[in-house]
Amino acid sequence: MVMQRRPDLTIRIGKLDLPYPTLMASGCYGSGEEFEPFTDLAQIGGVVLKSVTRAPRLGNQTPRLVQTPAGLLNAIGLQNPGIDWYLEHDVKKFAKRPCKIIGSVAGFSVDDYAYVAERLAARDEIHALEVNISCPNVASEGETFACNPQLTARVVRAVRATTDKTLIVKLSPNVTDIASIAREAQDAGADALAVINTVRGMAIDVQTWKPRLGNVTGGLSGPAIRPIAVLAVYEVARAVTIPIVGQGGIETTTDALEFFLAGASAVCIGTANFTDPRIPVRIAQELREYLEQRGVASIREIVGKANVGFASPFQYEGDEG
Amino acid sequence: MVMQRRPDLTIRIGKLDLPYPTLMASGCYGSGEEFEPFTDLAQIGGVVLKSVTRAPRLGNQTPRLVQTPAGLLNAIGLQNPGIDWYLEHDVKKFAKRPCKIIGSVAGFSVDDYAYVAERLAARDEIHALEVNISCPNVASEGETFACNPQLTARVVRAVRATTDKTLIVKLSPNVTDIASIAREAQDAGADALAVINTVRGMAIDVQTWKPRLGNVTGGLSGPAIRPIAVLAVYEVARAVTIPIVGQGGIETTTDALEFFLAGASAVCIGTANFTDPRIPVRIAQELREYLEQRGVASIREIVGKANVGFASPFQYEGDEG
Amino acid sequence: MPAVHDVAVSDATQLAPGVFLLGFHAPALVDVTRPGQFLMAIPPGGERCATALGIYEAQSQRASVLFFVCGPRTRELAQLRVGDRFAVSAPLGNGFTFGTASDVAIVAGGVGIASVLLPAQALVRMGKRVRLFYGARTAQLLVEKDRFAQEGCEVICATDDGSFGHHGFVTEVLANAQRKPDLILACGPSPMLRATAAVARQLGVPAQLSLEETFACGVGGCWGCVVPLDRNSAQAPGFPGADAGGSDAVHARICKEGPVFWAHELRW
Amino acid sequence: MPAVHDVAVSDATQLAPGVFLLGFHAPALVDVTRPGQFLMAIPPGGERCATALGIYEAQSQRASVLFFVCGPRTRELAQLRVGDRFAVSAPLGNGFTFGTASDVAIVAGGVGIASVLLPAQALVRMGKRVRLFYGARTAQLLVEKDRFAQEGCEVICATDDGSFGHHGFVTEVLANAQRKPDLILACGPSPMLRATAAVARQLGVPAQLSLEETFACGVGGCWGCVVPLDRNSAQAPGFPGADAGGSDAVHARICKEGPVFWAHELRW
Ligand SMILES: Cc1cc2nc3c(=O)[nH]c(=O)nc-3n(C[C@H](O)[C@H](O)[C@H](O)COP(=O)(O)OP(=O)(O)OC[C@H]3O[C@@H](n4cnc5c(N)ncnc54)[C@H](O)[C@@H]3O)c2cc1C
Ligand SMILES: Cc1cc2nc3c(=O)[nH]c(=O)nc-3n(C[C@H](O)[C@H](O)[C@H](O)COP(=O)(O)OP(=O)(O)OC[C@H]3O[C@@H](n4cnc5c(N)ncnc54)[C@H](O)[C@@H]3O)c2cc1C
Ligand SMILES: Cc1cc2nc3c(=O)[nH]c(=O)nc-3n(C[C@H](O)[C@H](O)[C@H](O)COP(=O)(O)O)c2cc1C
Ligand SMILES: Cc1cc2nc3c(=O)[nH]c(=O)nc-3n(C[C@H](O)[C@H](O)[C@H](O)COP(=O)(O)O)c2cc1C
Ligand code: FES
Ligand code: FES
């Protein structure tokens, strides 16, 4: 069955209307400008900017990157100029981009998050906010906000109070039960959830007997983590009603489809841009062809279509080998 | 500097003396017999048997396996004949193996674990026990024992009470803080810790719109998870004093060395046997060459040598992108 | 006796788009291979499980595999050039058994063709009458059909698109064949195997099916490749674990107890 | 203007064990490449970041890369055969600047040789005097040294094992050279670059170093490849984030602000 009109790829995340369901991941795409020579930004949904903090950050010692099997370890350390300089010099440039711009907020206290979010959201060049809660909370011995339901709720409530713009809360996979964190974020006012951030990992140099990353530990991204990310989306989709931005190892159209079918309303592409900057536009085009071949009118119709729950009443039974 | 005597690869785990620091992972190596045509079992440390339960289990629907980038998803569902038949027919055969045999105990209640462990440990053919606590506890809505410090402690105490043989407790990476679980297991009487079991994940078939595993979810193994496993060993090594059996994606001698340098006293090889059954013997030989070249007398001397702690007082700081 | 064989590529041919024939020098393997057995091809680049492939040819010191590129591992194997070395664990599994059959119908679909040349050759050598019922999506993918004719088989083809032979499924041709065979051997995608089993039941002819499933170890060590089998089958692993379900079915390992099973003993 | 170029391999040569020269037809790239720029080679099999490689040659519609196999990505590139297609993002980064120098010393160590042919050719064309100080582990790895002589450079070699030229580091030869150059360009492993910087300081000669670091994006988008740089450097990214440390050092991106930096401006 072939269609009359071309399948619809547009999607709405909270108040944010996207022409394509493909976002570029925070920290992986600069502000879009860096990739303009290699792709057409008008054919992607939007760019999630590198996370910005209250104070400027020099970031971690190098090496900040290590290649691993089908994966990439990174420990950038949130290098960024700080919100003041950022608002003064960077943000105005974003108006030129032919795609949506989503700011990313990071911090080390609930206050940090609220302060940066409020000032960032106040700018017209910023169409929505993502909150990167995979940061340590100084007030509780560096416990990661995203790893504690209460801390998650407090950050989200504080940020929510500062803006009406679409709020995407980005969850960490480094938890025992991501669904419970997802519920807290939804109840605290999140408009959408980004699932997942990087998985913690490390690599050791067997020649020098030293960790290979200057920061010792880092975040694992790329195809290696895709099965972990697909499951996280699948579980979160059963726990919340707000839209999910699926991410983690998306490199092909098949990969992206796994996330939509698991329950994501949009996908985010990070590390794959380091493999081939043409991938996001190719995925958008192939998604349309895929829907066309199956006579599906809109990408929205396949969201969660493979989410049939679990084989056992005990969600974890049967996958222990 | 070249040595007189060949470097020593022997290692002691609790009361278990291993001629080589290389174990074959539970569920990946049958009882050793299956791989005898392809390798020399006398050149591996030992085989960890497939986990056995109180009652027989038919296991999960197929497909039980899915290839992922540099990884393998499995959901076997602990197919096994149950402890009675196992003791009667299987165990006596193990005496023939030219390597150590480590029984693996699984269960769905504290009682199950103690019952199976006691009967298994009573047999001379079984030189040590590994406890696979990545199973759901029926009594607490299927919560995974390994994901709850109290449940972990209760299982380990119960099993400890049944035997003096070396007890290896196998930890799950699907937790917020693996170090705290490791401490509980040590305090409850574990002689050693196996780090890590598989990482939960799933894959979706974009043609049929169904999960690719019959069980929906499964456990991810192979090189893809190595950076996650190396960090888990690194963190656990800082939290406990008992030996660690490192595992997760070991395929080459370099990989194995990463685990020793992170703090493992022995390594366990699973999925790599599906890649090439010659890998374990090759790693043992190359480990000896590596030590020889560096004039290191024993593998024991490099354990934890790259474990320098963390860059920031906040263990998680800096790896959030 | 199976073993790991280090081999060198002797010839590499693309038979059709995405379909490759890879020959290699492996005297030791050729001597011990029985029809219907398979090998595990060790990936040169590592990082993945070995790939299960039927042993297509085994003659005068040369063995070969015939495969369709459908993912990263077959793509990697398709890049091997003459002279390149790689390794295989082989031979594995239990092959076909011919008994006293005198008129054998071999049913092959798609890549299934890769596992049926050796049985065809053996049966012809034994003076049996051999018909190959060969189905594929389209004419271009009916690779090696002439080869089977040369080997002395009667070759009957079917294509989904009607571009060659019968327009439809090869099992339809088998069902309506004038002469009834006294043994059916089949290898191919599981829908085709199920259809073959149904036809065999109708005709009252015993059928052996070579099953496919995702493998990890290929040697019986991981229990990843099971199929429900009649507990009374001679191939059934004799322990209760496999029938905890209480049914008369047990879970047998395709790689170890199979890959060839009697159609009437399967409980799938 | 950088872009993604789809190219076809025109020639593939093994120069020494593990060292490969890969030529490809890329007219559009050749026209715009400046000496010292690099490319990101997109991995044919995916699953990994593109590989940063210096642009070795760029002439008459053909460009090339010269690389050492040290991991999965370079291994994959080494398997490309004539006619195979792959893609590169290029040209990237800022190259060397020659100013009014008339006597230039180029220091290359190991794979560093891959980034210095284009500047050598350009300088010779401009009538400058060019000496190549070339170091490697052993004679066999002094690949392409004759090529540089043919191009009109005076070639001075050193090997760690003394198998060819000076026995020791090439920077020692530079330090004791009779004639003092008025500009030094260097590319190689960072210990060699640090030694070169020290020699340049002693001699009071300005030096440009082409740095290496693990890259991900190669285009300035991920901040994975930074090096501490004097905040007053013309190449310093003009914002405070980079000097939150309070030091006079800022973190500059090697792929974007570099890969070539003035030795005296580095704070490493
Ligand atoms: C006993 C036995 C004998 C065999 N003999 C042969 C033989 O002789 N010749 C032969 O060609 N094959 C044979 N096979 C099949 C062969 O082993 C498989 O095709 C093998 O998995 C190929 O590996 P791969 O890495 O290339 O593809 P894989 O990575 O294993 O992928 C296999 C399939 O999965 C699909 N897939 C991947 N991701 C997704 C997704 N997200 N959604 C939906 N589908 C997806 C791919 O498209 C592909 O069709 C045999 C199998 C067995 C068990
Ligand atoms: C601007 C620039 C230009 C460059 N130009 C060239 C060039 O022209 N030619 C060239 O050959 N290279 C060049 N390089 C270097 C090249 O990009 C790298 O060598 C590249 O990473 C190779 O990728 P790979 O996947 O083959 O190796 P990788 O997988 O990246 O491995 C690289 C190194 O890591 C080591 N390693 C892996 N695992 C471990 C472990 N556990 N412990 C210790 N060590 C380990 C490997 O042994 C290897 O030495 C350049 C780099 C830059 C930044
Ligand atoms: C097919 C398969 C079956 C497994 N079965 C078990 C099991 O029964 N019990 C257990 O404790 N671990 C089991 N595991 C986990 C492995 O023992 C090992 O801990 C894990 O795979 C990580 O190591 P690897 O990456 O080297 O495979 C299984 C793994 C695989 C791939
Ligand atoms: C180099 C690098 C830097 C990153 N920086 C950030 C960041 O600043 N904030 C954030 O929320 N996520 C950051 N991430 C995580 C990505 O946004 C993305 O969630 C993750 O990499 C998984 O997607 P992928 O596998 O497609 O890359 C970073 C990832 C990488 C690889
Ligand atoms: S594939 Fe492992 S048992 Fe069959
Ligand atoms: S490699 Fe990404 S900024 Fe340099």
Side-chain angles (χ1 to χ4, degrees), chain B residues 24 27-39 50 52-53 55-82 84-86 88-90 212-213 221-224 249 251-252 270-279, chain C residues 1-6 40-52 70-74 86-92 190 211-228 237-247 249-256 268:
Chain B
M24 303 303 107
C28 300
Y29 214 69
S31 67
E33 192 183 15
E34 293 81 353
F35 284 86
E36 248 168 341
F38 312 103
T39 188
K50 173 71 179 175
V52 61
T53 54
R57 285 175 61 88
L58 191 54
N60 292 331
Q61 294 302 307
T62 55
R64 292 176 169 188
L65 300 165
V66 174
Q67 291 287 320
T68 70
L72 175 69
L73 274 172
N74 90 85
I76 307 301
L78 294 178
Q79 173 165 355
N80 80 90
D84 294 337
W85 197 94
Y86 193 70
E88 196 177 327
H89 299 83
D90 282 350
R212 298 186 72 192
L213 287 168
S221 63
E251 181 174 277
T252 67
T271 302
N273 290 295
F274 309 152
T275 300
D276 184 343
R278 299 168 299 182
I279 284 172
Chain C
M1 179 64 170
V4 177
H5 300 267
D6 238 312
M40 297 294 288
I42 295 174
E47 291 190 5
R48 298 188 168 90
C49 295
T51 311
C70 65
R73 293 174 295 171
T74 42
F86 70 111
V88 300
S89 302
L92 300 172
S190 81
L211 302 187
E212 265 199 29
E213 182 51 80
T214 311
F215 281 6
C217 71
V219 299
C222 76
W223 289 91
C225 65
V226 299
V227 63
F239 59 75
D243 74 345
S247 76
V250 299
H251 270 157
R253 295 163 296 188
I254 292 174
C255 71
K256 188 79 171 181
W268 53 345

Pairwise side-chain contact, Thr275(B) with Pro43(C), heavy-atom cut-off 4.5 Å (strictly under): yes

Side chain to side chain, Arg253(C) and Gln79(B), heavy atoms closer than 4.5 Å: no

Chain C contact via Leu72(B) - side chain, backbone, both or neither, heavy atoms under 4.5 Å: side chain

Pro63(B) and Glu213(C), any side-chain heavy atoms less than 4.5 Å apart: yes

Segment of Asp276(B) engaging chain C (4.5 angstrom heavy-atom cut-off): both

Selection from Gly71(B), Gly249(B), Gly30(B), Ala272(B) maximising heavy-atom pairs under 4.5 Å formed with chain C: Gly30(B)

Asp90(B) side chain reached by Val52(B) side chain, heavy atoms, under 4.5 Å: no

Test item: Pro56(B) and Trp85(B) side chains (from C-beta on) under 4.5 Å apart, heavy atoms: no

Under 4.5 Å from a heavy atom of chain B, the part of Leu92(C) involved: side chain

Contacting moiety of Phe38(B), where chain C heavy atoms sit under 4.5 Å: both

When Pro228(C), Ala87(C), Ala216(C) are compared by non-hydrogen pairs under 4.5 Å with chain B, the top option: Ala216(C)

Side-chain heavy-atom pair Val226(C), Thr62(B) within 4.5 angstrom cut-off: yes

For chain C, the option from Gln61(B), Arg278(B), Lys50(B), His89(B) that forms the most heavy-atom pairs under 4.5 Å: Arg278(B)

